[in-house]
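I have placed the structure first, in the form of structure tokens, so that the comments after it can refer back to it.
Bear in mind the structure is a predicted one, so any value in this text is a computation, not a measurement.
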Amino acid sequence: MKDEKNTLNVKVDTEGKVNEKQNEENPEEKAEKRKQHIKAEIIDWAKTLFLFCALPVIIFECFCFVARVPTGSMETTVPAGAQVLVTRCFNKDNLNRGDVVVFYNEELNLTLFKRCIGLPGDTVEFDGTGDVYINGEYYSEPYVSSYSDFEGSFTVPEDCYFFCGDNRGGSWDARLWNNPYINKENVKGKARFIFFPFDSIGPVK
């Protein structure tokens with residue numbers, strides 16, 4: 001019986017030692033796990049940096065930009081000095097009458113900020129009283145903040161637009177340019193949202 005007990009004890013001790021060896025981590029495996037952990041941390045940081053840094057830059061570069069309105073020609077819709085978010089126009093045939101648009105004027109060599117009044121093929125008439133007629137019909141402009149006694153008629157060519165300021169009495173716009181028509185290729189985008197000054201924050205209407 002004594003020999004049997006000793007034999008049993010030896011087996012238990014031997015198995016315990018074997019289990020301890022199996023539970024010990026191989027140094028190479030430990031180093032590999034640490035390496036994988038560091039790699040995962042770097043990937044997480046890279047995703048965070050992309051989300052908060054690179055992604056906004058890509059969005060602004062490809063889909064929108066910020067424009068500053070230098071004069072009061074669009075008051076009171078957009079005050080002078082306002083910072084406005086503008087979405088880029090990819091389909092430049094898709095402007096609507098009444099859109100507030102940023103475009104490049106080759107004659108003045110300036111990027112301007114005005115409202116689209118005439119579409120390709122439209123005849124825009126100013127009757128000298130402040131009223132506007134498009135294709136012979138009265139065109140309501142509730143956004144206009146001042147009127148002028150300008151009188152004249154314009155027929156917008158194909159692939160072009162006709163732009164005026166909302167501050168009609170104080171705006172140097174298509175009515176007064178030598179070439180009153182802006183080719184669609186010079187359209188940059190539609191004004192969407194004023195974010196400065198703070199008392200004017202809101203969508204551009």
Checklist line | CZ/F198: more than 12 non-hydrogen atoms of other groups inside 6.0 Å | finding: no
Rounding to 0.5 Å, atoms CD1 (I134) and OH (Y139) come to a distance of 5.5 Å
_Between T155 and T123, a side-chain donor and acceptor under 3.5 Å_ = yes
Does any donor atom in the side chain of S146 or N167 lie under 3.5 Å from an acceptor atom in the other side chain? yes
Review point. Does CD in E158 sit with more than 12 non-hydrogen atoms of other residues, nucleotides or ligands closer than 6.0 Å?
Key: no
side-chain hydrogen bond (donor to acceptor under 3.5 Å, both in side chains) between K114 and S73, worked out: CA-CA 8 Å; K114 307 286 185 188; S73 67; 3.1 Å; yes
Checklist entry - Is it true that atom CH2 of W177 has more than 12 heavy atoms of other residues, nucleotides or ligands lying nearer than 6.0 Å? => result yes
Closest non-hydrogen atoms of C89 and L95, given as atom of the first, atom of the second and distance, are SG-CD2, 4.0 Å
Requested in this report: Answer yes or no: is there a side-chain heavy-atom contact under 4.5 Å between F195 and Q83?
Outcome: yes
Any T76 side-chain heavy atom under 4.5 Å of D166 side chain = no
Stepwise, does the salt bridge (Lys or Arg N to Asp or Glu O under 4.0 Å) test hold for D99 with R115? CA-CA 6 Å; D99 286 344; R115 193 178 293 272; over 6 Å; no
Do V84 and V69 come close enough that some side-chain heavy atom pair is under 4.5 Å?
yes
V187 side chain near Y161 side chain, heavy-atom distance below 4.5 Å = yes
When N94, D93, N91 are each screened for side chain to side chain donor-acceptor pair (under 3.5 Å) with K184, the one that passes is D93
Margin query: Do F103 and K188 make a side-chain contact, defined as non-hydrogen atoms from C-beta onward lying under 4.5 Å apart?
Written below: no
Please assess C164 against F150 for the test side-chain contact (heavy atoms from CB on, under 4.5 Å), listing each intermediate value before the final yes or no. CA-CA 12 Å; C164 290; F150 179 85; over 6 Å; no
Original post:
Can you find a side-chain donor-acceptor pair between R175 and S148 that sits under 3.5 Å?
Top reply: yes
* Is it true that W172 and V102 fall in one hydrophobic cluster, defined by side-chain heavy atoms closer than 4.5 Å? -> no
**Request:** Just do the salt bridge (Lys or Arg N to Asp or Glu O under 4.0 Å) check on D122 and R97 with the steps written out, would you?
**Result:** CA-CA 10 Å; D122 281 348; R97 193 180 294 115; 2.5 Å; yes
When rounded to the nearest 0.5 Å, the distance separating SG of C160 from CD of E185 is 10.0 Å
ILVMFWY cluster, F126 and M74 together (side-chain gap under 4.5 Å): no
Using side-chain heavy atoms (C-beta onward) and a distance below 4.5 Å, is V204 in contact with I194? yes
Only residue of V100, D173, I182 satisfying side chain to side chain contact (heavy atoms under 4.5 Å, CB included) with F163 is I182
Taking every heavy atom of A80 against every heavy atom of G72, the minimum-distance pair comes out as CB-N, 3.8 Å
Note: Y147 and G130 closest approach over all heavy atoms is CD2-O, 3.6 Å
OG of S200 to CZ of F193, rounded to nearest 0.5 Å, is 11.0 Å
CG of N178 to CD of E107, rounded to nearest 0.5 Å, is 4.5 Å
query: Taking it one step at a time, do Y104 and N109 satisfy side-chain hydrogen bond (donor to acceptor under 3.5 Å, both in side chains)?
result: CA-CA 7 Å; Y104 176 70; N109 192 26; 2.5 Å; yes
Is any side-chain heavy atom of P79 closer than 4.5 Å to one of P197?
yes
A174 and F154 have their tightest heavy-atom pair at O-CE2, 4.3 Å
- With side-chain contact (heavy atoms from CB on, under 4.5 Å) as the test, would you mind laying out the steps for V124 and S153 before giving the verdict? CA-CA 6 Å; V124 182; S153 180; over 6 Å; no
Using modelled atom types only, decide if a donor and an acceptor are shared between the side chain of N183 and the backbone of N186 within a distance under 3.5 Å. no
Connected via hydrophobic side-chain network under 4.5 Å: Y143 and L112
yes
How are the rings of F162 and Y181 set relative to one another: parallel (under 30°), tilted (30 to 60°) or perpendicular (over 60°)?
tilted
Heavy-atom closest pair (V86 atom, A67 atom, distance to 0.1 Å) is CG2-CB, 3.8 Å
Check: Should E125 and N135 count as side-chain neighbours, where that means a heavy-atom distance under 4.5 Å?
Finding: no
Q.
Over 60° means perpendicular and under 30° means parallel, so tell me whether Y138 and Y133 are parallel, tilted or perpendicular.
A. perpendicular
